[in-house]
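Step one of this worksheet: look at the structure below.
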Amino acid sequence: MDNQSVLTAAGLQALFDSLRRRGYRIVGPKVRDGAIVYDDIEGVPDLPQGWTDEQAPGRYRLARRDDEALFGYAIGPHSWKAFLHPSVQRLWKSRREGEEVAITPEPPSAERFAFIGVRACELKAIAVQDQVFLGGAHVDAHYRARREGAFVVAVNCAEAGGTCFCVSMKSGPRVDAGYDLALTEIMDGGEHRFVVEAGSAGGGEVLAELPGRAATEGDLAAAEAVVERTAASMGRQMRSDDLHELLLANLEHPRWDEVADRCLTCGNCTMVCPTCFCTSVEDSSDLAGVESSRSRRWDSCFTMDFTHVPSGSVRASARSRYRQWMTHKLATWIDQFGTSGCVGCGRCLTWCPVGIDITEEVRAIRDNPMERGGGT
Amino acid sequence: MWTLEIEPSGPAPVAAAPGQFNMLTAFGVGEAAISLSGDPAEPGRLVHTIRAVGPVSRALAQLRPGAALGLRGPFGAGWPMAEAAGRDVVIMAGGLGLAPLRTAIHRLLTERARYGQVLVLYGARSPADILFRRELETWRRRLDVEIEVTVDHAAVSDWRGHVGVVTTLLGRASFDPANTVALVCGPEIMMRFSAAALADAGVRAEATYLSMERNMKCAIGLCGHCQFGPVFICRDGPVFRYDRIAALLRHKEL
């Protein structure tokens, strides 16, 4: 089996057909509501052909490209966690009979997803959530079922967004692990084509069925050039090797007050972040109180309720909530899971209504750190 | 304040260690983390002392005898009872913090010969807020344990005991600080002052333990609510050795 071959757009449609025959529910990028979102797609015609996205802190706009690229955008507000770790997950139902209550746990989903167009930063984000949900003493059965069933078609980024900084977080733009197939879209040389690489046995089986030709030296060099160009055009940079020490030594830095003056504590950053995993639970019942159920739903550390105890909210100030989010993401995540919680995707910059830029917040602290002894 | 006794149905419950907690569900309302406050020598009876302050605890309070509730647990790291063996034990409780310590006190008194001096220093807001008052009176009559109770404020007519914060009791107590294990539970500010007072009295930070409270939804380190810097209170605590969290406690709203 040759594990690198070249497909045309028609060949890509054959990939969709093959995945559907294998019983996958295909989810990929499409244009909806003025953004590129992840949703069920039928095939190539659903892809955002000829579209790109313009991103800056607090700003996202779709724009036409001057070519017909299928993956010529960076990333939108959605991430794959919406499918692997859905925003609402029922955990159990209960039924009361007299004084007895019977509980029926929700079985893990049997749905098998094929994800189309997963970027390097998103593969890293999935690996980060794997660590959270599968790497500890308590494995989340719902996440595991969806994760184990998924087929991942990754795409090497041909375009860095204005808020991208995956190079700084060492999570892109080249996909290097965690995919079944990886595509590199090549627009130059007159032929719109995809260099496809298999990253798993399952990916190799699918690839072998597709109407491709063997990749030439020229194809591989062109694919390499795409990734290099993207790596060289990152919208943002952030030194990341010392963030744990830097932030934990600056927990009382005046910058937290400054950013709190701008932060609306809306929680958008936590909703769009592909690694944020926090949840709450909600119980509901019928009017008679006979049947009830519990659901888990995404929660955000930016809410007052998040830390509510009988004496009040532990993190009542916006300062403490922004500090919790950022120091968790960049520093204490490493203590908890052995990896940073940030993959440099830039969504938290783009979708922040007031354009708070995490790379700028880090820089402000780095450029003017507190005297030693101010932190932990 | 009221105490809930649960009789398990189904599989025999996992024996809980003093200081651990359960997640209790009022069906159709929700779930809350409640510490075990019973006597560990009676493992068949799960005892929880609850203040009815939120929707879940209020719903639990309204359950009729015999009604069903949901229980998951026990969770978390409890009090260091093994380490306390052969040493003096100083218990400092503030307000509702006496409930999670009650299990430890029962254990100490049941195995009294295993420990050195046992002191219980308890501070409540007012005489009316004193938890387990009858039990405290019973313990007080024993000669092998010192029980001291103080209140923040009281009318002269209904209180003849100590007035002042719980740390003021420490000065009068007699124990060997170099050979003491201290167990502290109460509001965070009370625990910070108590830990500092214990250190001043010569008790090492490595022998001082605090039980932390945070919002908890899952109890297994997955929901994110109980984070305290790098630790998950539900999984890594709720009982922590003071030296391991002293730096974190210096920061407000962490």
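In what follows, chains carry the letters A, B, and so on, assigned in the order in which the sequence lines appear, proteins first and then strands, with residues in each chain numbered from 1.
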Could you go through residues 298-305 of chain A and list every donor-acceptor pair under 3.5 Å that involves a side-chain atom there, pairing it with any protein atom two or more places apart or in another chain?
unit_1, atom_1, unit_2, atom_2, d
A:W298, NE1, A:H85, O, 2.8
A:W298, NE1, A:P86, O, 3.4
A:D299, OD2, B:H225, NE2, 3.1
A:S300, OG, A:T270, OG1, 2.9
A:S300, OG, A:F302, N, 3.1
A:T303, OG1, A:S300, O, 3.2
A:T303, OG1, A:F306, N, 3.2

Heavy-atom distance under 4.5 Å to chain B: side chain of [X], backbone, both or neither?
{"X": "A:R294", "result": "side chain"}
{"X": "A:A137", "result": "neither"}
{"X": "A:R321", "result": "neither"}
{"X": "A:S317", "result": "both"}

Pick whichever of [options] has the most heavy-atom pairs under 4.5 Å with chain B.
{"options": "A:G98, A:A331, A:C278, A:S285", "result": "A:C278"}
{"options": "A:G136, A:S94, A:S280", "result": "A:S280"}
{"options": "A:Q324, A:H308, A:R319, A:E100", "result": "A:H308"}
{"options": "A:V132, A:V314, A:T307", "result": "A:V314"}
{"options": "A:S311, A:G289, A:A316", "result": "A:A316"}

Under 4.0 Å between a Lys/Arg side-chain N and an Asp/Glu carboxylate O for [X] and [Y]?
{"X": "B:E188", "Y": "B:K252", "answer": "no"}
{"X": "A:E291", "Y": "A:R95", "answer": "yes"}
{"X": "A:E99", "Y": "B:R64", "answer": "yes"}

Whether A:R147 engages the ring of A:F133 as a cation-pi pair (distance to the six-membered ring centre under 6.0 angstrom, angle to the ring normal within 45°) should be assessed.
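No, a cation-pi geometry is absent between A:R147 and A:F133.
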
Parallel, tilted or perpendicular, as decided by the 30° and 60° cut-offs, for the rings of A:H328 and A:F277
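Perpendicular: the ring planes of A:F277 and A:H328 meet at over 60°.
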
Neighbours of chain B found in residues 333-341 of chain A - heavy atoms under 4.5 Å:
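Interface residues of residues 333-341 of chain A: A:D335, A:Q336, A:F337.
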
Selection from B:Q227, B:R235, B:E213 maximising heavy-atom pairs under 4.5 Å formed with chain A:
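When all of B:Q227, B:R235, B:E213 are compared, B:Q227 has the most.
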
Rounded at 0.5 Å granularity, tell me how far CZ in B:R102 sits from OG in B:S37.
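Those atoms lie 5.5 Å apart.
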
Examine whether an atom of B:V29 lies under 4.5 Å from a heavy atom of chain A, and if so say whether it belongs to the side chain, the backbone or both; otherwise answer neither.
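When you check distances to chain A, only backbone atoms of B:V29 fall under 4.5 Å.
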
Between A:R323, A:R262, A:R366, which is the residue that forms a salt bridge (charged side-chain N to carboxylate O under 4.0 Å, His left out) with A:E361?
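Of all the options given, the one that passes is A:R262.
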
Check the pair B:R250, A:E252 against salt bridge (charged side-chain N to carboxylate O under 4.0 Å, His left out), reporting the backbone distance first and the verdict last.
CA-CA 10 Å; B:R250 282 205 291 271; A:E252 305 299 340; over 6 Å; no

Side-chain H-bond candidate by donor/acceptor type, B:T167 with B:S194, under 3.5 Å:
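Side chains of B:T167 and B:S194: no pair found under 3.5 Å.
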
Reference residue B:Y209; test side chain to side chain donor-acceptor pair (under 3.5 Å); the match among B:R241, B:E83, B:R244:
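Exactly one pass, corresponding to B:E83.
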
